[in-house]
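Everything numeric here is computed off the predicted structure, so don't read it as measured data. Proteins come first, then strands; the chains are lettered A, B, ... in the order of their sequence lines, and each starts at number 1. Just the heavy atoms: all of them, side chains too, but no hydrogens, waters or symmetry mates, feed the values below.
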Amino acid sequence: MKQKIEALILQAVETLKQNGVLAQETNPQVIIERTRDAQHGDYASNLALTLAKAAKTNPRQLAEQLIAALPEDAVITKVELAGPGFINFFIDPYAQHAIIETIHQAGPAYGLSQVGAGKKIQVEFVSANPTGPLHVGHGRGAAYGSVLADLLQAVGFNVHREYYVNDAGRQMDILATSIWLRYLEECGEVLPFPSNGYRGEYVRNIAWDIHDKSGNEYRRPVDLVLEDIPADEPQGGDKELHIDALIARTKTLLGAGLYRDFFQIGLNTILDDIKDDLHEFGVDYQQWFSERQLMDDGSVEQALACLRAGGHLYEKEGATWFASSNLGDEKDRVVVRENGQYTYFASDIAYHMNKLDRGFEQIIDIWGADHHGYIPRVRAAIQALGADESKLKVLLVQFATLYRGEEKVQMSTRSGEFVTLRQLRNEVGKDAARFFYVLRRSEQHMDFDLKLATSKSNENPVFYVQYAYARVCSVLRQLDEKGWERNLQLGIDNVRLLSAEHENQLIATIARYPELLERAALQYEPHQLIHYLRELAHEFHTYYNAHQFLVDDAGLRNARLNLICAVKQVLANGLNLLNINTPESM
RNA sequence: GCGCUUGUAGCUCAACCGGAUAGAGCACCAGCCUUCUAAGCUGGGGGUCGCAGGUUCGAGUCCUGCCAAGCGCGCCA
């Protein structure tokens with residue numbers, strides 16, 4: 001419909017060019033908007049307002065001339081000049097009725113499109129360190145990323161979902177050491193636990209499990225473990241020096257081989273838990289990409305060689321630096337430490353080079369907002385690698401501040417005091433959790449009230465949408481009980497009986513679903529889909545209260561059934577995209 | 001101090017490339033169940049769009065300054 005009106009307006013513009021009203025070189029971008037107010041018709045164009053200046057005339061006069069030059073069209077019942085120079089189009093209310101039949105034919109495919117044109121696009125999200133279970137902060141990134149990926153796929157992109165596993169680096173060593181110390185306790189040793197270690201209950205569980213399976217294989221005498229280790233913070237020492245010494249001691253006492261085994265068991269256990277957790281949350285990936293693999297297969301070395309060849313690296317104070325400040329970063333960054341180890345940033349450069357090499361036309365990184373300072377250096381790296389930095393899009397997800405009623409919930413992975421995603425799912429269920437997370441724009445700070453989300457009452461908006469779906473199902477059950485059958489063709493033949501205001505409104509809303517999907521996807525804003533579904537559900541509930549569907553007149557009955565079945569289909573398509581269930585009864 | 005993000009109704013949030021009288025939900029008030037599920041519907045009150053300038057036919061939206069909140073500013077990840 002938009003295209004149709006656009007074409008008509010362009011014809012009018014051509015006519016005015018010939019009349020000399022508009023300059024020959026006028027090549028306007030015609031914007032047709034759906035109106036927000038029914039008084040303004042169905043569609044509106046602001047073309048006269050934007051062209052008035054160039055045409056050296058006032059907008060209302062130009063709009064009048066445009067309207068006069070507009071070709072006749074059966075679908076358009078009225079064209080009005082309004083306000084400062086808007087052109088409002090009123091559409092024949094029956095013109096949109098055909099969408100009901102379209103929806104019945106397309107079914108689950110209704111709303112899908114090909115604007116993405118099969119473009120290869122990668123979405124990397126969550127990518128939490130495998131040092132513990134996912135918490136509710138990760139949940140938002142998981143819900144946002146997965147819905148965004150599904151949206152992009154729905155509009156025709158070739159989407160690759162990926163999780164970057166930070167399975168190398170110091171944090172992982174701290175984890176392995178933490179598990180080992182708990183394991184020693186399991187063996188019967190008594191020793192202090194480092195203040196900087198991972199204290200969560202899951203660490204004990206892994207240790208318990210290893211002890212159960214391997215007995216005392218990894219056991220070493222506690223006095224050897226603690227010998228000459230610098231004091232921990234509570235004892236007046238430095239917690240970083242303390243933990244680093246413990247890591248080194250763990251490696252020495254176990255030896256490289258056993259340490260590696262032990263490390264791997266810890267990593268696998270936690271990663272399996274994360275995979276399982278996300279899967280149950282409705283989040284699945286095409287690939288789990290290992291950071292350590294980049295280290296092991298020489299990718300990091302190769303990436304740094306590439307930067308070096310481009311003259312972007314230099315040595316200073318024993319470390320190797322990337323001159324990112326030449327490329328928009330606020331300062332240069334270390335890539336190889338004084339001790340010869342790569343920084344996290346070094347492997348991330350290699351990772352992004354790898355992404356580019358895999359031929360993605362667009363790379364979307366979804367990060368927690370606390371990583372925003374990291375963006376300029378990654379962009380700098382991509383430029384230094386000789387790639388087009390506009391291929392990278394970084395989307396930030398603000399962490400949710402967690403409340404339990406009025407009380408703010410403090411979270412820290414290290415101390416083990418946090419609410420896990422799994423706990424949240426167990427309390428509120430997958431549907432409500434996903435719905436809640438996607439409800440708000442991702443850059444928006446968000447207060448997540450556990451008390452509210454866990455309430456199984458009508459305060460929870462997910463039920464409202466699901467209830468609309470269940471209500472349609474219920475009507476169909478009633479139909480069956482009355483011994484009637486739905487007749488699609490009879491309904492189509494009588495579609496013009498759908499003339500009530502509620503019906504026209506509902507038809508207009510389901511008709512714009514494809515546009516909505518496209519916009520939500522291209523703007524990376526899944527919350528638009530949620531808001532749309534709430535609106536659709538609301539219009540359905542209103543319709544339900546205002547009109548009886550199961551009337552004696554078979555023509556009207558089937559016309560209405562076709563409409564509510566089309567609503568049901570759109571609700572299902574939207575909820576499926578969100579990976580939220582569609583209950584047949586509630 | 002510098003940088004990024006945010007600031008809209010009592011609370012939580014929307015507002016499509018700048019567009020017409022800024023909208024929902026919750027909460028509050030008043031109504032609607034002998035009729036397809038009341039987890040629903042109808043109506044009502046409630047606003048200095050953080051503040052001040054600027055850009056223009058038009059600004060919640062763009063620009064500048066200020067105020068406030070969150071985050072960041074490691075040879076951590």
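- The gap from the C1' atom of G74(B) to that of A69(B) amounts to 25 Å, rounded to the nearest Å.
- Stacking of the aromatic ring of Phe86(A) onto the base of A20(B) is found: the ring centres lie under 5.5 Å apart and the planes are inclined by under 30°.
- When the C1' atom is used for both C75(B) and C71(B), the distance is 23 Å, rounded to whole Å.
- Salt-bridge formation is detected for the pair Arg333(A)/Asp329(A): a Lys NZ or Arg NE/NH1/NH2 atom is positioned less than 4.0 Å from an Asp or Glu carboxylate oxygen.
- You'll find that the side chain of Arg170(A) is closest to C76(B), out of C76(B), G19(B), C41(B).
- A donor-acceptor contact shorter than 3.5 Å is absent between the side chain of Asn129(A) and the backbone of Thr131(A).
- For a distance-only test at 3.5 Å, the side chain of Asp370(A) fails to qualify as a donor-acceptor partner of the base of G72(B).
- The phosphate of A20(B) has neither OP1 nor OP2 within less than 4.0 Å of any side-chain N or O from Thr35(A).
- We find that CZ of Arg377(A) is positioned 9 Å from P of C75(B), with the value rounded to whole Å.
- When each of Ser474(A) and Gln528(A) is assigned the nucleotide of RNA chain B with its nearest heavy atom, Gln528(A) is the one assigned upstream, toward the 5' end.
- At least one donor-acceptor pair closer than 3.5 Å links the side chain of Asn558(A) to the backbone N or O of Asn487(A).
- Proximity note for Arg519(A) (side chain, C-beta onward) versus C16(B), A20(B), C75(B): the nearest is C16(B).
- The separation of C41(B) from C57(B), taken at their C1' atoms, amounts to 42 Å, rounded to a whole angstrom.
- The Gln171(A) side chain lies nearest to C76(B) when the options are C76(B), A15(B), U6(B).
- Looking at Glu124(A) and Lys355(A), a side-chain N of the basic residue comes within less than 4.0 Å of a carboxylate O on the acidic one, giving a salt bridge.
- If you check distances only, the side chain of His372(A) does reach the base of C71(B) with a donor-acceptor pair under 3.5 Å.
- Side-chain contact check for Arg512(A) versus Arg34(A): some heavy-atom pair is nearer than 4.5 Å.
- With rounding to whole Å, Phe436(A) atom CZ is found 9 Å from U12(B) atom C1'.
- The listed nucleotides are C17(B), A20(B), U42(B); the one nearest the side chain of Gln523(A) is C17(B).
- A close approach under 4.0 Å does not occur between any side-chain nitrogen or oxygen of Gln398(A) and OP1 or OP2 of C4(B).
- With respect to the salt-bridge test (charged N to carboxylate O, under 4.0 angstrom), the residues Glu584(A) and Arg471(A) do not qualify.
- Residue side chain His371(A) does not reach the base of G72(B) through any donor-acceptor N/O pair under 3.5 Å, judged by distance alone.
- Among the heavy atoms of the strands lying under 4.0 Å from Asn129(A) are primed sugar atoms or P, OP1, OP2 only; no base atom is included.
- Side-chain contact check for Thr177(A) versus Tyr198(A): every heavy-atom pair is 4.5 Å or farther apart.
- Residue-level contact check: Glu317(A) touches the bases, meaning some heavy atom is under 4.0 Å from a base atom.
- Rounded to whole Å, the distance from CG on Leu47(A) to P on G19(B) is 16 Å.
- Here C11(B) is in the anti range [glycosidic angle more than 90° from 0].
- The gap from the C1' atom of G43(B) to that of G72(B) amounts to 49 Å, rounded to the nearest Å.
- Leu439(A) places its CG atom 9 Å from the P atom of C13(B), with the value rounded to the nearest Å.
- Of the listed nucleotides (C36(B), G40(B), A14(B)), G40(B) has the atom at the smallest distance from the side chain of Tyr464(A).
- Comparing Met586(A) and Glu525(A) by the nucleotide of RNA chain B whose heavy atom lies nearest to each, the residue mapping closer to the 5' end is Glu525(A).
- Aromatic rings of His138(A) and His135(A) (six-membered ring for Trp) have centroids within the 6.0 Å cut-off, being under it.
- If you measure from atom CZ of Arg333(A) to atom P of C76(B), you get 13 Å, rounded to the nearest angstrom.
- Rounded to a whole angstrom, the distance from the P atom of G18(B) to that of C63(B) is 11 Å.
- On the P atoms, C29(B) is 25 Å away from G23(B), given to the nearest whole Å.
- Atom OH of Tyr532(A) and atom P of C16(B) are 18 Å apart (whole Å).
- Out of A77(B), C75(B), U42(B), the shortest distance to the side chain of His538(A) is found at U42(B).
- Residue Tyr374(A) places its side chain closer to A77(B) than to any other of G40(B), A77(B), A39(B).
- Between the side chain of Asn88(A) and the base of A20(B), a donor-acceptor pair under 3.5 Å is found.
- There is a side-chain donor-acceptor pair under 3.5 Å between Gln466(A) and Asp431(A).
- When distances run from any side-chain atom of Arg440(A) to the nucleotides A14(B), U5(B), A77(B), the shortest one goes to A14(B).
- Separating the P atom of G65(B) from that of C26(B) is a span of 41 Å, rounded to the nearest Å.
- The side chain of His541(A) approaches C41(B) more closely than any other nucleotide in the set C76(B), C41(B), C36(B).
- In RNA chain B, runs of at least 3 stacked Watson-Crick or G-U pairs (N1-N3 plus N6-O4 or O6-N4, or N1-O2 plus O6-N3, all under 3.5 Å) give these stems: B:1-7 with B:67-73, B:10-13 with B:23-26, B:28-32 with B:40-44, B:50-54 with B:62-66.
- Exactly one of Leu571(A), Leu533(A), Val570(A), Asn581(A) qualifies for a side-chain contact (heavy atoms from CB on, under 4.5 Å) with Tyr469(A). That residue is Leu571(A).
- For the pair Arg534(A) and G23(B), the criterion of a side-chain N or O lying under 4.0 Å from OP1 or OP2 is not met.
- Remark: Arg441(A) is in phosphate contact with A14(B), judged by side-chain N or O atoms under 4.0 Å from OP1 or OP2.
- Using a 4.0 Å heavy-atom distance criterion, Thr320(A) is classed as making no nucleic acid contact.
- Remark: the separation of the C1' atoms in U6(B) and C13(B) is 13 Å, to the nearest Å.
- Listed nucleotides G25(B), C76(B), G74(B) differ in distance to Lys331(A); the shortest reach to its side chain belongs to G74(B).
- C41(B) atom P lies 12 Å from atom OH of Tyr544(A), rounded to whole Å.
- Counting only N and O atoms by type, the side chains of Glu503(A) and Tyr543(A) include a donor and acceptor under 3.5 Å apart.
- When the P atom of U6(B) is taken as reference, atom NE2 of His527(A) falls 12 Å away, rounded to whole Å.
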